[in-house]
2 protein chains.
Amino acid sequence: MEKPPTIKDVASLAKVHAATASRALNPQTRGKVSTRTANRVLEAAKTLGYAPNSAARMLRTKTSSVAGVIIPDLRNPVFPPIVRGIEDGLHEAGYMALLGNTDGDEERERELLLAMRGRQTDGFILATGRRTDPAPTVPTVLVNRRSDAGDVPSVTNDNNAGIFSAVELLASLGHTRIGHAAGPQGLSTGWERYRAFVDAMDSHGLAVEPGRVTFATAFTEEAGYRAAMALQGDVTAIIAGNDLIALGCYSALAERGLCCPDDVSVVGFNDMPFADRQRPGLTTVRIPHYEMGLEAARLLLERIANPTTPAKRVILPVELVRRGSVAPPR
Amino acid sequence: MEKPPTIKDVASLAKVHAATASRALNPQTRGKVSTRTANRVLEAAKTLGYAPNSAARMLRTKTSSVAGVIIPDLRNPVFPPIVRGIEDGLHEAGYMALLGNTDGDEERERELLLAMRGRQTDGFILATGRRTDPAPTVPTVLVNRRSDAGDVPSVTNDNNAGIFSAVELLASLGHTRIGHAAGPQGLSTGWERYRAFVDAMDSHGLAVEPGRVTFATAFTEEAGYRAAMALQGDVTAIIAGNDLIALGCYSALAERGLCCPDDVSVVGFNDMPFADRQRPGLTTVRIPHYEMGLEAARLLLERIANPTTPAKRVILPVELVRRGSVAPPR
DNA sequence: TTGTATGCGTTATCAT
DNA sequence: ATGATAACGCATACAA
């Protein structure tokens with residue numbers, strides 16, 4: 001375990017002073033150094049396998065090139081591609097991701113934010129946003145979900161268009177008794193999709209009966225199952241708050257002895273990995289997971305570079321993917 | 001955005017020297033300070049909302065309480081639960097995870113290792129280990145895969161037992177022409193499972209015909225499809241190198257107009273999320289994903305605390321899960 | 001264009 | 001038990 005080389009080692013190998021080496025190594029200031037010496041330094045760095053000590057750099061510059069990424073649970077299949085997109089986006093700018101899971105627990109989220117801030121994190125990407133979250137004091141971008149506060153940058157999907165196209169499809173097949181197993185209303189995704197459902201039904205001249213809308217307490221298969229079991233009013237189709245809730249609907253239908261899609265059609269939201277391989281294949285609204293993460297990373301980098309820039313809200317387009325889970329009503 | 005208080009601010013408020021404040025603040029060294037002054041310092045810290053600057057601490061102590069976690073691709077469904085386990089394990093000791101994906105590219109892996117080491121990462125957990133990787137110079141634990149070098153701690157599954165039980169099941173159903181769509185042989189998982197397949201077939205008195213074993217170039221559905229298409233010798237059952245390869249087998253069988261399990265049985269490995277919801281449900285060897293990550297984190301923390309400790313190799317038990325993808329041969 | 005000097009905030013090693 | 005001092009590695013203002 002020999003200790004890693006410092007900038008001084010590089011400098012002495014290149015026969016220059018440490019300050020010169022620093023200037024040569026940093027792309028920002030490379031112009032202040034002659035090309036010849038710059039190359040010598042770069043080469044010396046390479047042969048020594050030099051990597052700058054970020055602790056020292058952080059101490060000096062007050063930036064860490066690290067972003068905190070906080071999500072509810074990596075095991076929810078929507079998040080891996082998003083996180084992967086974030087990581088690739090951060091990588092483009094030499095940033096890395098410090099990852100944390102909250103399990104939806106606000107306390108744990110606070111804890112994580114504090115711990116990450118203590119580690120000099122330059123900014124945050126949160127996939128945990130609740131609608132009522134306060135505006136943050138460090139550069140922050142919300143992804144997938146957003147808060148009601150208007151001044152926080154966010155990357156979300158066009159929930160409205162997605163739900164409209166789902167209702168449209170079902171209506172065009174002849175469904176009129178359409179139910180909604182909605183997601184949690186404390187999260188923007190659940191809330192927006194529910195609002196969109198009401199609007200879309202209305203604009204198709206379809207009634208939203210009270211018993212035909214239930215609310216899952218979480219975006220999980222289990223909660224979706226309970227929400228689906230609570231549905232009343234003899235629906236012929238269910239629009240679920242997301243894909244996991246839709247899988248819960250599958251279970252509930254099976255338990256009730258109903259067949260999907262013959263008795264009841266089901267539509268999900270997200271097109272999570274393997275949605276196409278469910279039984280039956282899940283009709284769902286595809287969101288661009290990876291691109292969301294990528295875009296969120298870029299937004300954050302922009303925000304870090306210039307914190308006073310106005311807060312963009314990026315809304316990415318979605319696409320309805322029809323699979324075996326929908327059919328005309330009996 | 002006024003600048004955060006430093007230890008000097010705390011010290012002057014408590015009317016002590018910065019060094020004393022440091023000793024009082026650090027639980028390790030608190031004993032070297034009188035209880036009275038310690039309390040005064042602690043209180044001062046609290047009223048100022050003092051949080052230590054981790055950059056300075058890192059620079060001084062050369063530790064960061066951060067571990068680098070490097071995996072091939074987060075979108076491969078085996079990794080999210082592993083990473084989640086790692087994160088929880090690290091969290092227990094106040095550590096956090098810096099995450100990086102390599103896409104199986106050695107160059108990118110080197111780059112990531114370097115960049116992370118520059119960020120003072122205390123150690124690494126690698127899920128990318130190739131069999132021929134050299135022994136690392138910083139505390140490192142391999143998870144899921146391991147290298148041939150004996151002195152690197154690792155957490156893996158009992159690949160041997162898993163494959164044996166798969167062969168056992170198929171043999172007991174009457175299969176004799178069993179094929180193997182193996183994983184890449186440069187990775188310990190692919191290699192060990194292939195070796196185990198040969199051994200298990202042998203100990204059941206079954207022949208391993210050359211055409212009945214093919215090798216996927218990667219642990220992906222696509223590569224599995226190609227490996228399955230290359231299989232010859234009229235097999236009635238296929239043991240796949242992992243679940244994604246097994247899904248590739250599903251596609252290949254469908255393309256050949258064969259039905260699983262009526263014409264050909266398929267067994268996977270990993271029991272990745274949603275393996276039970278495939279069509280047909282995938283018979284597979286369940287590995288304890290989350291626990292692997294948890295155990296890897298603990299091993300790493302142990303290793304960091306005491307680098308000279310002998311390198312443990314933890315092998316976790318597996319369990320065959322029978323689902324719809326296997327049946328007796330026609 | 002390059003070298004010199006200084007400080008970022010903390011903690012380890014002395015000295016008191 | 002506490003204070004003084006130095007050093008971690010880097011980046012920058014300033015001098016040459």
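Quick note on labels: first sequence line is chain A, next is B, and so on, each numbered from 1.
For the helix from C:dT1-D:dA16 to C:dT16-D:dA1, the end axes, each set by the C1' atoms of five terminal pairs, are bent relative to each other by 40° (nearest 10°).
Side-chain N or O atoms of B:Arg119 include none that pairs as donor or acceptor with a backbone N or O of A:Ser54 at under 3.5 Å. In this structure, the side chain of A:Ser64 engages the main chain of A:Gln120 through a donor-acceptor pair within 3.5 Å. Side chain of B:Glu295 to backbone of B:Val155: no donor-acceptor contact under 3.5 angstrom is found. For B:Thr102 (side chain) and B:Gly104 (main-chain N/O), a donor-acceptor pair under 3.5 Å exists by modelled atom type.
Between B:Asp151 and B:Arg303, the closest heavy-atom pair is O-NH2, 3.7 Å. Nearest approach of B:Pro81 to B:Val78, heavy atoms of both residues: CD-O, 3.4 Å.
Heavy-atom distances under 4.0 Å link DNA chain D to B:Leu59, B:Arg60, B:Lys62 of residues 51-65 of chain B, given in residue order. Contacts with DNA chain D (heavy atom under 4.0 Å) in residues 35-44 of chain A: none are found. Across residues 7-30 of chain B, B:Ile7, B:Ala19, B:Ser22, B:Arg23 each have a non-hydrogen atom less than 4.0 Å from an atom of DNA chain C (numbered order).
The CD atom of A:Glu109 sits 5.5 Å away from the CD1 atom of A:Ile70 when rounded to the nearest 0.5 Å. In this structure, CG in B:Asn270 is found 7.0 Å from CG in B:Asn157, a value given to the nearest 0.5 Å. A distance of 4.5 Å separates CD1 in B:Ile86 from CD1 in B:Ile125, rounded to the nearest 0.5 Å. Note that CD of A:Glu291 and CZ of A:Arg298 are 9.5 Å apart. Values are rounded to the nearest 0.5 Å. In this structure, NZ on B:Lys15 lies 7.5 Å from CG on B:Leu13, to the nearest 0.5 angstrom. Taken from CZ in A:Arg75 to CG in A:Asp103, the straight-line distance is 6.5 Å, to the nearest 0.5 Å.
More than 12 heavy atoms of other residues, nucleotides or ligands lie within 6.0 Å of CD in B:Glu92, so this atom counts as buried by the packing criterion.
Of all nucleotides in DNA chain D having an atom under 4.0 Å from a heavy atom of chain B, the first and last in 5' to 3' order are D:dA1 to D:dG9.
A salt bridge links B:Glu107 with B:Arg110: at least one charged nitrogen is closer than 4.0 Å to a carboxylate oxygen.
In this structure, the side chain to side chain donor-acceptor pair (under 3.5 Å) partners of A:Asn306, at least two apart in sequence or on a different chain, are A:Thr308.
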